[in-house]
Structures are given as C-alpha cells and as structure tokens.
Amino acid sequence: MQKRITAFRRLGQHHLEQLSEHFHVDYFPELDSADDPAFREALREAHGLIGASLRITPELLDDAPNLEAIASISVGVDNYPVDELTRRDILLCNTPDVLTETTADTGFSLIMASARRVVELADFVKRGDWTESVGPAQFGSDVHGKTLGMVGFGRIGAAVARRGALGFGMKVLYSNASPKPDLERELGAQRREFDELLAEADFVCVTVPLTAETTHLFGAEQFARMKSSAIFVNIARGQVVDEPALIDALETGEIRAAGLDVFAKEPLPADSPLPRMANVVALPHIGSATVETRDAMAQRAVDNILRALSGERPISLVNDEAWTSRQG
Ligand code: 8YV
C-alpha cells in the first residue's frame with residue numbers, strides 16, 4: 001500500500017517528482033490555515049507531512065492517526081509540539097546546516113545596514129534630499145573593530161561571529177547555555193554572563209531558538225542595560241523580544257538602532273511603527289531566503305521524509321527519543 005504525504009509548503013517540481021516516485025502526494029502550495037477542510041481530509045490519510053511555518057497542534061495531530069513523520073523545511077521548530085510528537089512516536093525532522101551561512105549573511109547584512117543607516121540614506125537619495133555633502137546628520141557607526149555580542153552561539157551564531165571576527169576585526173563576546181572552547185580558540189570569542197554582554201557590546205545579535213526560557217528574553221530591563229550607542233539585531237524569532245519595549249527603547253534613544261528580520265507577528269501588522277522608524281531596518285523574515293538555500297532546505301526535507309517513511313533514520317532528526325522508541 002503506497003504511503004501518503006501531505007505537502008503544505010510550495011515545493012519545486014523536482015522535489016515533487018522525488019516524492020511522487022514513492023508516495024501519493026496531497027499538495028497544498030498555498031495553504032494559509034490548518035483548518036482548511038481539504039487539508040484536514042488529507043491529514044486523515046497522511047503518513048508524512050512536509051512543509052513549514054504552520055502551527056502544528058495536538059488537536060491537529062488527533063486528525064492524523066497514521067502520521068509517522070514530519071519533515072519541516074526550517075531549522076526552527078517552535079511551531080511544533082515536540083514533546084507531544086515524541087509521545088506519539090512521530091519523527092520530527094528539520095533542516096540545519098544547509099541554511100547556516102545564508103542566515104548568517106542575513107544577520108551580518110543587518111549589522112552593516114543598521115550601523116551605516118543604508119536603508120534610511122538610500123531613501124534619502126531616492127527622495128532627492130541629497131542636495132549637499134553629507135554631514136553629522138547622516139553619519140552612521142563603525143562596525144570594524146567594535147564589540148559584537150552574540151546571544152546564542154550555535155551554528156548560525158558562530159557563523160555570524162566568524163564574519164565579525166575574521167572579516168571585520170571585531171571583538172566577539174557570547175552568552176550561551178554551554179561554553180564554546182573551540183570558538184574561543186578560533187575567534188578569540190569570550191564568554192560573558194548575559195547582563196555583562198548587554199553592557200559591553202556595541203552590537204547585540206540574537207540567534208537563540210525560541211523556547212519557554214527565551215520568550216521575551218529581551219525586555220525593558222535588557223534594553224536599559226545596553227549602551228545608548230548599541231545596535232540590536234534579531235534573526236532568531238520575534239517572540240524572543242517584548243516588542244513594545246523594543247519600540248520604546250528605540251523611540252527614547254535608549255539604544256541607537258535595530259536590525260530585525262523577525263517579529264512577534266508575521267507578516268508585520270500594517271499598524272506596527274517599526275517599519276516607519278528611521279533607526280530600524282525591518283526585513284520580511286528572509287533569513288534563509290535565497291534560491292540556492294531554500295532549494296537545499298527543501299531537498300533536505302525530502303531526503304528526511306523519504307528516509308523516515310522507509311524505516312531509515314532521517315539525516316536531521318529533532319526528537320531522537322521518537323526514533324529510539326520506534327526501533328522498539
Ligand atoms: C524560514 C527559518 O523562514 O529555518 C527557519 O527556522 O526561520 C527560515 O529558514 C522558515 O522556517 C520557512 O522556511
């Protein structure tokens with residue numbers, strides 16, 4: 001009996017062909033709600049799910065009695081009930097590594113764009129306001145030689161720090177659950193307590209996963225600890241930040257600027273002040289969004305689901321306990 005896959009994110013034709021060689025594929029490239037009746041109907045038969053950016057709930061899993069594995073086209077898995085999936089012996093796979101460098105490029109581009117006011121001053125030229133040599137009103141901040149504070153020092157955080165230390169001569173500080181002696185040797189990175197890093201860094205770049213512990217990790221108290229000349233960059237998840245507190249810190253000059261690729265609500269609501277603030281560079285969650293990397297992520301997800309549904313261990317498995325349990 002051919003197993004069934006439900007795909008809830010647009011895939012390339014070559015990815016669909018790989019899946020269709022092995023499975024019956026129910027395809028929802030434009031799905032915008034988990035309550036879509038046709039999607040729920042497909043779930044009832046699905047052995048595998050592949051997609052991203054959809055909140056998977058225990059109630060939804062109750063509608064998927066045959067589900068064996070989910071292949072997320074993402075490295076972040078905060079939209080999945082991981083413990084519940086493990087309890088149900090459902091494998092959860094993700095796509096680390098293939099997106100690390102691209103996402104780090106996004107992070108460092110936000111550091112540069114925020115420090116040198118690239119978006120604001122490009123608009124200045126577009127509006128025809130460049131009528132004389134620039135002066136202090138247009139000056140930005142240096143990046144080279146400054147202190148980069150990494151909050152979260154996993155694959156993506158390390159890649160951002162590598163760009164700063166090796167490319168821009170930056171001093172790297174990090175706050176992380178565990179020490180990173182290899183990166184201390186490679187980059188001269190120094191571990192700091194979270195509060196110490198906030199007080200010392202010229203740039204604070206956030207790459208932590210979203211968990212109960214990191215939700216609202218940044219609020220009024222944290223922004224108050226940062227230098228008034230400091231720049232805040234978030235390429236993690238919007239919910240890591242108390243957004244009203246960030247807006248207040250930016251409006252009052254408690255911090256100089258922010259470069260943001262993620263927000264508490266996405267797409268960013270039309271009434272959010274953030275995109276209209278001169279000292280904010282706001283991007284539409286483009287962290288991994290290049291042609292090459294999104295293709296590689298989808299391919300990793302296809303490889304994961306092919307392996308998972310044929311009894312092989314997926315390449316990138318989030319919940320090892322579910323695999324162990326399925327091996328009996
Ligand atoms: C994508 C991401 O935006 O991988 C992640 O966790 O946030 C980004 O790569 C997203 O997951 C959709 O693919």
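Index from 1, following the sequence. Counting starts at 1 for both ligands and their atoms, in listed order.
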When you measure from atom 2 (C) of ligand 1 to each heavy atom in H285, R294, R9, E266, which option holds the nearest one?
-> H285
The atoms of ligand 1 lying under 4.0 Å from a heavy atom of S74, numbered in the order shown, are 4 (O), 5 (C), 6 (O), 11 (O)
Test R4 against every option in H24, H47, E45 by the side chain to side chain donor-acceptor pair (under 3.5 Å) rule and name the one that passes.
-> H24
Closest approach of any protein heavy atom to atom 8 (C) of ligand 1, naming residue and atom | S288 OG, 3.3 Å
Quick check: does any side chain N or O of S325 sit under 3.5 Å from a backbone N or O of A322, one acting as donor and the other as acceptor?
-> no
Atoms of ligand 1 under 4.0 Å from any heavy atom of A52, numbered from 1 in the order shown, are 12 (C), 13 (O)
Protein contact of atom 4 (O) of ligand 1 - nearest heavy atom, named by residue and atom, plus distance = V75 N, 2.8 Å
For the residue pair F168 and F108, categorise the inter-ring angle as parallel (less than 30°), tilted (30 to 60°) or perpendicular (more than 60°).
-> tilted
Part of L99 within contact of ligand 1 (heavy atoms, under 4.0 Å) | side chain
Take atom CD of Q2 as the centre, draw a 6.0 Å sphere, and report whether it contains more than 12 heavy atoms from other residues, nucleotides or ligands.
-> yes
Could an N or O of ligand 1 be found under 3.5 Å from any N or O of G76, whether backbone or side chain?
-> yes
Find all atoms of ligand 1 within a distance of less than 4.0 Å from any non-hydrogen atom belonging to S53, and give their numbers and elements.
-> 12 (C)
Going by an N to O cut-off under 4.0 Å, is there a salt bridge joining R88 and E84?
-> yes
Which residue, K227, K171, Q190, forms the side chain to side chain donor-acceptor pair (under 3.5 Å) with E200?
-> K171
Check: I73 N/O within less than 3.5 Å of ligand 1 N/O | yes
Does one hydrophobic cluster hold both V151 and V172, with members joined at side-chain heavy-atom distances below 4.5 Å?
-> no
